[in-house]
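Contents: one structure, followed by commentary.
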2 protein chains.
Amino acid sequence: MVRKTKAEALATRNLLLDTAERLFFERGVSKTSLADIAKAAEMTRGAIYWHFKNKYDLLQAMMERVRLPPETLLEAPVENAPLQAMRDYAVKMLRDTATNPRRRRVLSIMMHRCEKNEDEAKALTVRQQAAFIDCTSHIRLCMTTAVKLELLPANLDTDKATTMYLALLFGLISNWLFLPDNFDLEADAEALTDAFFPMLHHSPSLLK
Amino acid sequence: MVRKTKAEALATRNLLLDTAERLFFERGVSKTSLADIAKAAEMTRGAIYWHFKNKYDLLQAMMERVRLPPETLLEAPVENAPLQAMRDYAVKMLRDTATNPRRRRVLSIMMHRCEKNEDEAKALTVRQQAAFIDCTSHIRLCMTTAVKLELLPANLDTDKATTMYLALLFGLISNWLFLPDNFDLEADAEALTDAFFPMLHHSPSLLK
DNA sequence: CAATAAACATGCAGTCATGTATGTTTAAGC
DNA sequence: GCTTAAACATACATGACTGCATGTTTATTG
């Protein structure tokens, strides 16, 4: 019953990724063994070891499925409307987190069900840190562009503003994933995002 | 070489907690075995099993060492100066996270080196969620009190304001622990905190 | 149509972590 | 001064989980 067609093999791979995503979300990464995943997918560990090098390779592939380049989300042209770009980015991230089950599960795994340590999973941590740094510099570019376009105060401390933006965005996502009943992320995504930008005009401590 | 005095036994217990704190921080919780901890503390697993029920009991005791009741930090009287209370709370939390190595390590373990799952560690997760809910209701009380004292707009959506406050606070801490070089938490604690409150006056989307 | 290799399944060895049971020593209580 | 039990150390049994080696079958290719 082996040597399936290419499409079938890809389906198997996706099934393994789906199953791993579910189990990692339910039990956490370290408490989920490859045998657990194989059994839940009605396969054997042989299938996993054929498609993936090991557990962390599987985890990485699972995370790659929701990784989208920042440009994808930033549809509004940054050079013309950087404030709109930042707003759209935040709203889309929040709404997608609230409504897209896959993104919700994977983000939850990344934030609350996967340990950042120095050995095997270090590559994963480094990758996440790199993504975060990318995101940081992108937002910083939006901030400085907005200042140049005189959309924000000339003496705005763009570094602090960037820090605040990212803290708010990630804080909202992390807190909601931790306790989804605490507030309605989908309904409030726009209001919470829009609340941020007046701060850049009215907070003296963000000026240089 | 056994049957030490009570003080010595307490010192042993603290040594085990210190060592666990260090190893959990360096390697993550699930990748640190009790044998690792015992060896690093120059003890045996027998000592650990004498002082603690198991690994998660040890972890819980380790976390309790930095748990401080919210009242401790909220020195400013909430009824008279709720805004000041919230400001002081945030600044103290941020500064203490930046300067207190123990708090930094333990918060890092809680946020980035410990998986929230449904089985053994569930008690820990439930406890953290309860603490978060406590904190939420406390901040909400500050917000409503400030509205009553006319320190904040009468039509402020205090729920959203609370959500924003907590997202900012936890987002700042989490992001800084994740990438400490991204910004200077100690130096910027006050400025970042002070930046928040003008938002409550100038953000239309936070009004009802 | 034969050979190859893809796509798994199965089995085994080895390591490692946990929990417990049982020693051992000595501070404390009387 | 004798007993008890606190404060560990040691040893053992048990049960994963991983990685690899080796089947097995069938789509694919020339």
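Note on naming: letters A, B, ... go to the chains in the order of the sequence lines (proteins, then strands), and numbering restarts at 1 for each one.
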Please test B:E190 against B:R87 for side chain to side chain contact (heavy atoms under 4.5 Å, CB included), starting from the C-alpha separation and ending with a verdict. CA-CA 8 Å; B:E190 291 194 16; B:R87 193 203 107 105; 3.9 Å; yes
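In the region residues 19-43 of chain B, proximity to DNA chain C at under 4.0 angstrom, judged on heavy atoms, holds for B:S33, B:L34. Within residues 49-61 of chain A, the residues approached by DNA chain C to less than 4.0 Å at the level of any non-hydrogen atom are A:W50, A:H51, in residue-number order.
When the nearest nucleotides of DNA chain C are assigned to B:K6 and B:G46 by heavy-atom distance, the more 5′-ward of the two goes with B:G46.
The separation between B:E8 atom CD and C:dT26 atom P is 12 Å, rounded to whole Å. Atom CZ of A:R45 and atom C1' of D:dA16 are 11 Å apart (whole Å). Rounding to whole angstrom units, CD1 of residue A:I48 and P of C:dA9 are separated by 10 Å. At whole-Å resolution of the value, CG in A:N14 and P in C:dA7 are 13 Å apart.
Considering only side-chain atoms of B:T5, the nucleotide from D:dA9, C:dA27, C:dA7 that sits closest is C:dA27.
Residues B:F178 and A:F170 fail the side-chain proximity criterion, which asks for heavy atoms closer than 4.5 Å.
In this structure, B:R105 fails the cation-pi test against B:F24, since its NZ or CZ atom is not both closer than 6.0 Å to the six-membered ring centre and inside 45 degrees of the ring normal.
Inspection of the B:T158 and B:R140 side chains reveals no N or O donor paired with an N or O acceptor under 3.5 Å. Looking at B:D36 and B:S33, their side chains do bring a donor and an acceptor atom within 3.5 Å of each other.
Contact annotation: B:T12 side-chain N/O to D:dA7 OP1/OP2 distance is not under 4.0 Å.
A:K6 NZ: 12 or fewer foreign heavy atoms inside a 6.0 Å radius.
By the 4.0 Å N-to-carboxylate-O rule, A:D18 lies close enough to A:R65 to be salt-bridged with it. Salt bridge absent: B:E115 and A:R27 never bring a charged side-chain N and a carboxylate O closer than 4.0 Å.
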